[in-house]
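Heavy-atom basis, side chains included; hydrogens, waters and symmetry copies ignored. This one's a predicted model, so the numbers in the text were calculated from it and none came from an experiment.
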Amino acid sequence: MILFFVIRDLHKTYQLFDSAKHDMHLVSLLDGLEKIAHNHAVERGLTAGYLGAPTPQKKNKVEEQRNKADQAVANLNQLLVEPWPEEFRVGAKTSSLLNHLQGKARVRQQVNSQSAPGAFVYYSTLNALALESAAVELDKAADLSLHLSRQTKDAAGALSTDMHEVQEKAKTMEQPKPWNSR
């Protein structure tokens, strides 16, 4: 009987560990989305400076920032190809952002040619989509955290109940007689 309780508690512990692993994965996704928003906001600002008064130094800064923004996108894409639990719906929640990112090369070409009337709208929309995706994922993380907390409390309560049942069962079991009283 004790073996049953041990196995059951080990299974619950594994489930808690698995939930914690998903939470950590979700935090990585949130970080990736935040880096997309941040690096593209910086790119937008440097682009404004370059378009307002173009110089080779400003162009170099824009190029450097583009590399950082592209790396943020590559990191996010790497996270997105990893397996995610179905209930996270990560693909659906990031699809608008990923679709919008497909227009970045065109906008950058326009910036390079000093004719980018839609650049700021593009970057503003990109930031809004990244932050919106992060907000949706943050809500999911809060829900999972609450769920994990409840699971932990439930597991602790079940373990306490199991230990009590084992103690009660042990009290009712026939005690062995000493060898010399036979």
Can you list the residues that meet the side chain to side chain donor-acceptor pair (under 3.5 Å) rule with Gln114, with sequence neighbours excluded? Tyr50
For Ala119 and Val111, the nearest pair of non-hydrogen atoms, with its separation, is CB-CG2, 4.1 Å
Using the side-chain contact (heavy atoms from CB on, under 4.5 Å) criterion, which residues pair with Glu86? Sequence neighbours excluded. none
To the nearest 0.5 Å, atom OG of Ser28 lies from atom CD of Glu82 at 8.0 Å
For Trp84 and Gly91, indicate whether the former's side chain and the latter's backbone hold a donor-acceptor pair under 3.5 Å. no
What closest approach, in Å, do Asn127 and Ala41 show between heavy atoms, and which atom pair accounts for it? ND2-CB, 3.3 Å
Please report the C-alpha distance between Leu129 and Leu101 in whole Å, then the side-chain angles of each, then the deciding distance to 0.1 Å, and finally whether the side-chain contact (heavy atoms from CB on, under 4.5 Å) criterion is met. CA-CA 10 Å; Leu129 290 170; Leu101 283 165; over 6 Å; no
Main-chain N/O of Gln110 paired with Ser115 side-chain donor or acceptor, under 3.5 Å: no
Where is the tightest heavy-atom contact between Ala130 and Leu97, given as atom of each residue plus distance? N-CD1, 3.9 Å
Derivation and outcome, side-chain contact (heavy atoms from CB on, under 4.5 Å), residues Lys104 and Arg66: CA-CA 10 Å; Lys104 185 166 56 172; Arg66 285 177 177 178; over 6 Å; no
Same apolar cluster: Leu80 and Leu33, side chain cutoff 4.5 Å: yes
Results of side-chain contact (heavy atoms from CB on, under 4.5 Å) for Thr55 - residues two or more places apart only: Gln57, Lys58
Mind checking side-chain contact (heavy atoms from CB on, under 4.5 Å) for Val42 and listing every partner two or more places apart, or none if nothing turns up? His38, Leu46, Gln65
Out of curiosity, Leu76 CG to Glu34 CD, how far, rounded to the nearest 0.5 Å? 12.0 Å
Report the residues that fulfil side-chain contact (heavy atoms from CB on, under 4.5 Å) with Asn67, sequence neighbours left out, ordered by chain and then residue number. none
What pair of heavy atoms forms the shortest contact from Ala37 to Leu131, and how long is it? CB-CD2, 3.8 Å
Of all pairs that satisfy salt bridge (Lys or Arg N to Asp or Glu O under 4.0 Å), the ones with a partner from residues 106-131, not counting sequence neighbours: Glu43-Arg108, Asp70-Arg108
Partners passing salt bridge (charged side-chain N to carboxylate O under 4.0 Å, His left out) against Lys59 (at least two apart in sequence or in another chain): Glu63
How close do Leu126 and Ile36 get, counting heavy atoms only, and between which atoms? CD2-CG2, 3.9 Å
What residues form a ring-ring contact (aromatic ring centres under 6.0 Å, His included) with Tyr122, not counting sequence neighbours? His100
Using side-chain heavy atoms (C-beta onward) and a distance below 4.5 Å, is Leu98 in contact with Asn77? yes
Is Asp31 reaching over with its side chain to a backbone N or O of Val27, donor-acceptor style, under 3.5 angstrom? no
Side chain to side chain donor-acceptor pair (under 3.5 Å) filter on Ser124, not counting sequence neighbours, yields Arg44
Any pair counted as salt bridge (Lys or Arg N to Asp or Glu O under 4.0 Å), so long as it reaches residues 116-133, sequence neighbours left out: none
Minimum heavy-atom distance between Leu51 and Ala116, given as atom pair plus value: CD1-CB, 4.2 Å
